[in-house]
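Since the model is a prediction, treat every value here as computed from it, not as a measurement.
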Amino acid sequence: MKSLVPLFLLFVSVSFSQTTDYNTKKGFAANGYDVVAYFDNKSVEGNKNFVTKFDGVNYKFSSKKNLNTFAKNPEKFVPQYGGYCAYAIAAKNDKVGINPEAFLVKDGKLYLFYNELILTFCF
């Protein structure tokens, strides 16, 4: 019976583990913008010909190259806070949509915001 305890604990921890709530407006992360392009300091809308799924979320890319880059290390490119406005989550614990052209890449992480004015005042 003792041998079943670790298995039970594993089952319980997996069953109750928290999953990320992603902002998937328009059916895609980042409102369909290319999350890899943000790391080149560009906000570029993705193309329906370059789509993939990671962690149950659809992502669009502007090129096959960016799709392949994402596929090699998707965790690097996933927006923080599930793609909701980073300011609203941090300051008010509120899930607010984003303007996909209002973004910041800092310390290798992507943050999205509901408007560009936030960037002016906060960073």
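Looking only at distances, a side-chain donor or acceptor of Tyr38 sits under 3.5 Å from a matching main-chain atom of Pro100. The backbone N or O of Leu117 lies less than 3.5 Å from a partner atom in the side chain of Asn115, making a donor-acceptor pair. Looking at Asn47, its side chain does come within 3.5 Å of a backbone N or O of Asn49 through a donor-acceptor pair.
Both Leu67 and Phe39 are part of a single hydrophobic cluster, where members link through side-chain heavy atoms under 4.5 Å apart. Val36 is not connected to Leu104 by any chain of hydrophobic side-chain contacts under 4.5 Å among Ile, Leu, Val, Met, Phe, Trp and Tyr, and they are in different clusters. In this structure, Val44 is not a member of the same hydrophobic cluster as Phe77, with clusters built from ILVMFWY side-chain heavy atoms closer than 4.5 Å. Grouping the Ile, Leu, Val, Met, Phe, Trp and Tyr side chains by contacts below 4.5 angstrom, directly or via other members, places Val35 apart from Tyr84. In terms of hydrophobic clustering, with Ile, Leu, Val, Met, Phe, Trp and Tyr side chains grouped at heavy-atom distances under 4.5 Å, Phe54 and Leu110 are assigned to a common cluster.
When all heavy atoms of Asn66 and Ala37 are compared, the pair lying nearest together is ND2-N, 3.8 Å. For the pair Tyr114 and Gly97, the tightest heavy-atom approach, listed with the atom from each and the gap, is CB-O, 3.2 Å. Between Lys60 and Gly46, the shortest heavy-atom contact is CB-CA, 3.8 Å. Among all heavy-atom pairs drawn from Lys25 and Asn31, the shortest one is CB-OD1, 3.3 Å.
Note that CD1 of Ile98 is 10.5 Å distant from CZ of Phe113, once rounded to the nearest 0.5 Å. Between Lys95 atom NZ and Asn23 atom CG the span is 9.5 Å, to the nearest 0.5 Å. Atoms NZ and CD, from Lys109 and Glu75 in turn, are 12.0 Å apart once rounded to the nearest 0.5 Å. Atoms OH and CG, on Tyr81 and Asp21 in that order, are 14.5 Å from each other to the nearest 0.5 Å. Separation of atoms CD (Gln80) and OG1 (Thr20) is listed at 9.5 Å; rounding is to 0.5 Å. Atom CG in Asp94 sits 11.0 Å away from atom OH in Tyr87 (nearest 0.5 Å).
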Intermediate values then yes/no, side chain to side chain contact (heavy atoms under 4.5 Å, CB included), Tyr22 and Asp55 | CA-CA 10 Å; Tyr22 291 98; Asp55 200 20; 2.6 Å; yes
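Under the 30°/60° scheme for interplanar angles, the aromatic rings of Tyr59 and Phe70 are found to be tilted.
In this structure, the side chains of Val51 and Phe28 come closer than 4.5 Å at one or more pairs of heavy atoms. In this structure, Leu112 and Tyr33 have side chains that are not in contact, with every pair of non-hydrogen atoms separated by 4.5 Å or more.
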